[in-house]
Every structure is written in C-alpha cells, then in structure tokens.
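Each remark here refers to the structure printed beneath this line.
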Amino acid sequence: MSESATTSGVRGISVASAFSGMTSVAPVVFRAGCPDCRGRFELAAGALRLVVGASSRTTFYSFTCPDCGAAVRKPAGDRVVELLTGGGVRTLRLHTP
C-alpha cells in the first residue's frame, strides 16, 4: 500500500513507514508441557530441537523440562513442523523432501 488517497478519502501508509520506528521484535515462545511432572511452561526457540524424518514416526521435537529436567520427545505433525521452523527452532532433516 502506498501513501496515497483511497476512494474513501482515507490516506494509506506504506509497510516501510509502518515499521520504520520499530527497533526490536519480541522473541518467539512456545507453550509446552512435560508428561512426567505435568509442568506447563513457555520455551524459547533455542530450547527446542526439531527432527524431520521420512515418516511421522521419525518426525518429532524435543526439549528438556525446565521444572524436572526430564528429556521430552513429542511427535510433530505438519502443522507443528511449520510453526516450529517458522519460529526459528533449529531443525535436523533426516531426508530430502
């Protein structure tokens, strides 16, 4: 969108102008839970690892529970893979698409 008058008489603003004063971006956090201690918490992208395998059985994400220290591994479907990779989680690909 450019800074020109629209048919309704309202002036638009360019994307560059809208974000020109922005100096930082809030870090991405993911909600997670531990099956061992039942803890619920938020984790930064750096606390998660994603492994994408050739099948749903070999595609998962993992993290260490900040409450009890348990190593947690959970399956990751297509939507979870999309969210985690989009949020900056480090990814290990075991196959090529």
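Every heavy atom of this structure was used, including side-chain atoms; hydrogens, water molecules and symmetry mates were not. What you are looking at is a predicted structure, and each value in this text was computed from that prediction instead of being measured. Residue numbers count from 1 along this sequence.
Considering only residues two or more places apart in sequence or on other chains, R57 meets the side chain to side chain contact (heavy atoms under 4.5 Å, CB included) condition with S55.
Between the OG1 atom of T59 and the CZ atom of R93 there is a distance of 9.0 Å, given to the nearest 0.5 Å. The distance from the OG1 atom of T64 to the CZ atom of R49 is 8.5 Å, given to the nearest 0.5 Å. Rounding to the nearest 0.5 Å gives a distance of 11.0 Å between CG of L83 and CG of D78. Here the CZ atom belonging to R40 is positioned 11.0 Å from the SG atom belonging to C65, to the nearest 0.5 angstrom.
Minimum interatomic distance between L48 and V89 (heavy atoms only, all atoms of both residues): O-CG1, 3.5 Å. What you find for D67 and G39 is that their closest heavy atoms are OD2-CA, 3.6 Å. Between D36 and A70, the closest heavy-atom pair is OD2-CB, 3.2 Å. Residue C34 comes nearest to C68 through the heavy atom pair SG-SG, 3.8 Å, listed as atom of the first residue, atom of the second, then distance. Across all non-hydrogen atoms, the minimal contact from A32 to L43 is CB-CD1, 4.0 Å.
Looking at V51 and S62, their side chains never come closer than 4.5 Å, going by heavy atoms from C-beta outward. The shortest side-chain heavy-atom distance between V52 and L92 does not fall under the 4.5 Å cut-off.
Each ring-ring contact (aromatic ring centres under 6.0 Å, His included) pair with one or both residues in residues 39-93, not counting sequence neighbours, appears once here: F41-F63.
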Audit row: L50, T85, side-chain contact (heavy atoms from CB on, under 4.5 Å) steps and yes/no = CA-CA 8 Å; L50 174 64; T85 55; 3.6 Å; yes
